[in-house]
Amino acid sequence: MQTSTPNDVLLKRSLAAVWHPCTQMKQHETLPLVAIARARGCWLYDCDGRRYLDAVSSWWVNLFGHANPRINAALIEQLATLEHVMLAGFTHAPVVELSERLARATGGALGHCFYGSDGASATEIALKMSFHYWRNSGRPQKTQFVSLAGSYHGETLGALSVTDVALFRDTYAPLLRVSAQVPSPDWRRAEPGESAADFALRCAAALERHLEAHHACTAALIVEPLVQGATGMAMYDPVYLTRAREICDRFGVHLIADEIMTGFGRTGTFFAHEQAGITPDFLCLSKGITGGYLPLSVVLTRDAIYEAFYDEAVTRGFLHSHSYTGNALACRAALATLDIFESDGVIGANRTKTAAINGLAAALAAHPRVRDFRNTGMIWAFEVGDDPLIGRRIHEAALEREILLRPIGTTVYFMPPYVITDDEQEMLVARTLDIVESL
Ligand SMILES: Cc1ncc(COP(=O)(O)O)c(C=O)c1O
């Protein structure tokens, strides 16, 4: 008789007690859950002692490794001081310092940090603030939002209304507000011979036509700058954002930069929108903000937008809240994360890692089964085959080779923690090549 391992025991209990996210639970009849006991650096260790290289940074949140000693130390100190206090009517040092430092990271162009917990709550905040700004400014008819084809901004109802991923959206369509989608500048859709920049400009012209017709009822354009993650790591030229900024300004439409995934160095600059030389009207941040430790999200905006809410009338204020808004532990983890950026020259060091991984991946990129190999900063992606179910095979083959990959349809991607070592980079690329060859 086969004996149950600690992993088996925990996964059985989990399947009985936990409804796992983004999952058809029945699939776990044939695809075992992995029960993680501990983690360190880029490695996750399961309850049976097997290890997995976290090549997706645990859903794109981890930056400086699991159990990072510096973030741990900051959190332990914070735990002994203040774990949480409500942010309405109260404040505390970690939330003030974090807000000041995030504003400085935008060159002082944005500030007035409004906190939520997960990414989707930041999207909700930005959409509501944009609409409310126009209402406070005597333009209540500006109630519509525009997003890019294939966009993903989260799964609460407001965020899902501006998300364009059929798998997540279609079931709930009757509950959602209608929003408009304009063509994505994803360079894979360019005509043969057309550059990524030319294609981006062509897509910007489509945005211009849309806003020309609909600006009077449009509050904001929301975009994932440079990389549309959840639709399959679609990458585009920064010139799209430069043009989008000009077009939004011309038509009096807000630009919301959803940098929930792209922020904190992921695309090679601290914020992705810097590569377009623009400032958005709203900046949504989450995921890497705490180094992957605790849920925290924030929306930054311009002084002029903040001022439109500042009034004697209570209802002109932004009466939105979440219980854990500005949680002190999460803010302290975020401060420790910013400290690491500052003291370790992370953006420069990542450039070296990007070049190294691109060098290692040359054979993978050229493999006959691999299409559209692409890279932006610390994100790599490519397509394998046409079978939408290939992702599961690759996921399982990767686990057998001590790698955590979680393909999106036919898109395989790497989004490793920034602390990935030379040996780990080599292992990741070599074992992925081995998987591609084995298919
Ligand atoms: C660009 C973007 N926006 C919003 C979200 C939603 O964030 P959360 O899952 O924390 O609600 C995500 C999550 O992947 C994202 O990638």
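Proximity of a side-chain donor or acceptor of Arg393 to a complementary backbone N or O of Leu389 within less than 3.5 Å is not detected. A distance-only check finds a donor-acceptor pair linking the side chain of Asn62 to the backbone of Gly65 [under 3.5 Å]. Looking only at distances, no side-chain donor or acceptor of Thr325 sits under 3.5 Å from a matching main-chain atom of Gly116. Checked by atom type and distance alone, the side chain of Thr279 never pairs as donor or acceptor with a backbone atom of Ala109 at under 3.5 Å. Lys142 places no side-chain N or O within donor-acceptor distance of the main-chain N or O of Cys217, the cut-off being under 3.5 Å. Distance alone, capped at 3.5 Å, places no donor-acceptor pair between the Ser147 side chain and the Ser151 backbone. In this structure, Thr163 contributes its side chain and Ala159 its backbone to a donor-acceptor pair below 3.5 Å. In terms of modelled atom types and a separation under 3.5 Å, the side chain of Ser297 and the main chain of Leu285 share no donor-acceptor contact. Glu224 contributes a side-chain N or O that, together with a main-chain N or O of Gly229, makes up a donor-acceptor pair within less than 3.5 Å. Trp134 places a side-chain N or O within donor-acceptor distance of the main-chain N or O of Ala219, the cut-off being under 3.5 Å.
Contact annotation: the side chain of Thr432 approaches that of Phe382 to within less than 4.5 Å [non-hydrogen atoms, C-beta and beyond]. Side chains of Thr269 and Thr267 form a contact here, defined as non-hydrogen atoms less than 4.5 Å apart. Contact annotation: the side chain of Tyr418 approaches that of Phe341 to within less than 4.5 Å [non-hydrogen atoms, C-beta and beyond]. For the pair Arg250 and His215, the minimum side-chain heavy-atom distance is 4.5 Å or more. The closest side-chain heavy-atom distance from Glu259 to Phe264 is not below 4.5 Å. With a 4.5 Å cut-off on side-chain heavy atoms, Phe114 and Leu87 do not count as touching. By the 4.5 Å heavy-atom criterion applied to side chains, Leu148 and Asp164 are not counted as neighbours. Put simply, the side chain of Ser121 does not reach to within 4.5 Å of the side chain of Tyr115, judged on heavy atoms.
Ring to ring, Phe318 and Tyr133 are not that close: their centroids are 6.0 angstrom or more apart.
The shortest non-hydrogen separation linking Ile340 to Val346 is O-CG2, 3.6 Å. Heavy atoms only, all atoms of each residue included: Pro94 and Gln78 are closest at CG-OE1, 3.6 Å. In plain terms, the two heavy atoms of Leu176 and Ser161 that are nearest each other are CB-OG, 3.6 Å. Here the closest non-hydrogen pair linking Gly265 and Asn350 is O-ND2, 4.3 Å. Across all their heavy atoms, Ser58 and His66 have their closest contact at OG-CE1, 3.4 Å. What you find for Pro417 and Ser57 is that their closest heavy atoms are N-OG, 3.0 Å.
A salt bridge is defined here as a Lys NZ or Arg NE, NH1 or NH2 lying under 4.0 Å from an Asp or Glu carboxylate O, and Arg101 with Glu97 meets this definition. A salt bridge is absent between Asp198 and Arg202: the closest approach of a Lys/Arg side-chain nitrogen to an acidic carboxylate oxygen does not fall below 4.0 angstrom. With respect to the salt-bridge test (charged N to carboxylate O, under 4.0 angstrom), the residues Arg406 and Asp54 do not qualify. Ionic pairing of Arg374 and Glu383 is present here: one or more N-O contacts between side-chain nitrogen and carboxylate oxygen are shorter than 4.0 angstrom. A salt bridge links Arg243 to Glu246: at least one charged side-chain nitrogen sits closer than 4.0 Å to a carboxylate oxygen.
A distance of 10.0 Å separates CD1 of Ile347 from CE of Met378, quoted to the nearest 0.5 Å. With rounding to the nearest 0.5 Å, the separation of CG in Asp434 from CD in Glu400 is 10.5 Å. Here the SG atom belonging to Cys248 is positioned 5.0 Å from the CG atom belonging to Leu255, to the nearest 0.5 angstrom. The structure places CD1 of Ile408 at 10.0 Å from OH of Tyr152, a figure rounded to the nearest 0.5 Å. Here the CD atom belonging to Glu100 is positioned 10.0 Å from the CG atom belonging to Leu335, to the nearest 0.5 angstrom. Note that SG of Cys284 is 14.0 Å distant from CE of Met261, once rounded to the nearest 0.5 Å.
The salt bridge (Lys or Arg N to Asp or Glu O under 4.0 Å) pairs that include a residue from residues 65-78 are Arg70-Asp344, Glu77-Arg332, where partners are two or more places apart or lie in different chains. Applying the ring pair (Phe, Tyr, Trp, His ring centres under 6.0 Å) rule to pairs touching residues 385-407 yields nothing, sequence neighbours excluded.
Using modelled atom types and a 3.5 Å distance limit, the side chains of Asn72 and Tyr293 yield a donor-acceptor pair. Side-chain polar atoms of Arg371 and Thr410 form no donor-acceptor pair below 3.5 angstrom.
Applying the 6.0 Å contact sphere to CG of Asp386 captures no more than 12 heavy atoms from other residues, nucleotides or ligands. Around atom OH of Tyr324, no more than 12 heavy atoms belonging to other residues, nucleotides or ligands sit under 6.0 Å away.
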Side chain to side chain contact (heavy atoms under 4.5 Å, CB included) evaluation trace for Arg177 with Thr143 | CA-CA 10 Å; Arg177 294 190 81 244; Thr143 58; 4.0 Å; yes
CA sep, side-chain torsions, deciding dist, call: Leu75, Leu79, side chain to side chain contact (heavy atoms under 4.5 Å, CB included) = CA-CA 6 Å; Leu75 279 175; Leu79 259 179; 5.8 Å; no
Candidate pair Phe145 and Ser130, rule side chain to side chain contact (heavy atoms under 4.5 Å, CB included), full reasoning | CA-CA 10 Å; Phe145 297 100; Ser130 172; 4.3 Å; yes
Show your reasoning for whether side chain to side chain contact (heavy atoms under 4.5 Å, CB included) applies to Phe199 and Asp237.
-> CA-CA 9 Å; Phe199 181 59; Asp237 193 282; over 6 Å; no
Trp187/Tyr240 under side chain to side chain donor-acceptor pair (under 3.5 Å): CA gap, chis, key distance, verdict | CA-CA 11 Å; Trp187 61 249; Tyr240 182 82; over 6 Å; no
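When each of Asp372, Asp186, Ile379, Leu226 is tested with Met235 by the rule side chain to side chain contact (heavy atoms under 4.5 Å, CB included), just one qualifies, namely Ile379. Each of His254, His132, His273 was scored for a ring-ring contact (aromatic ring centres under 6.0 Å, His included) with Phe282, with one residue passing: His254.
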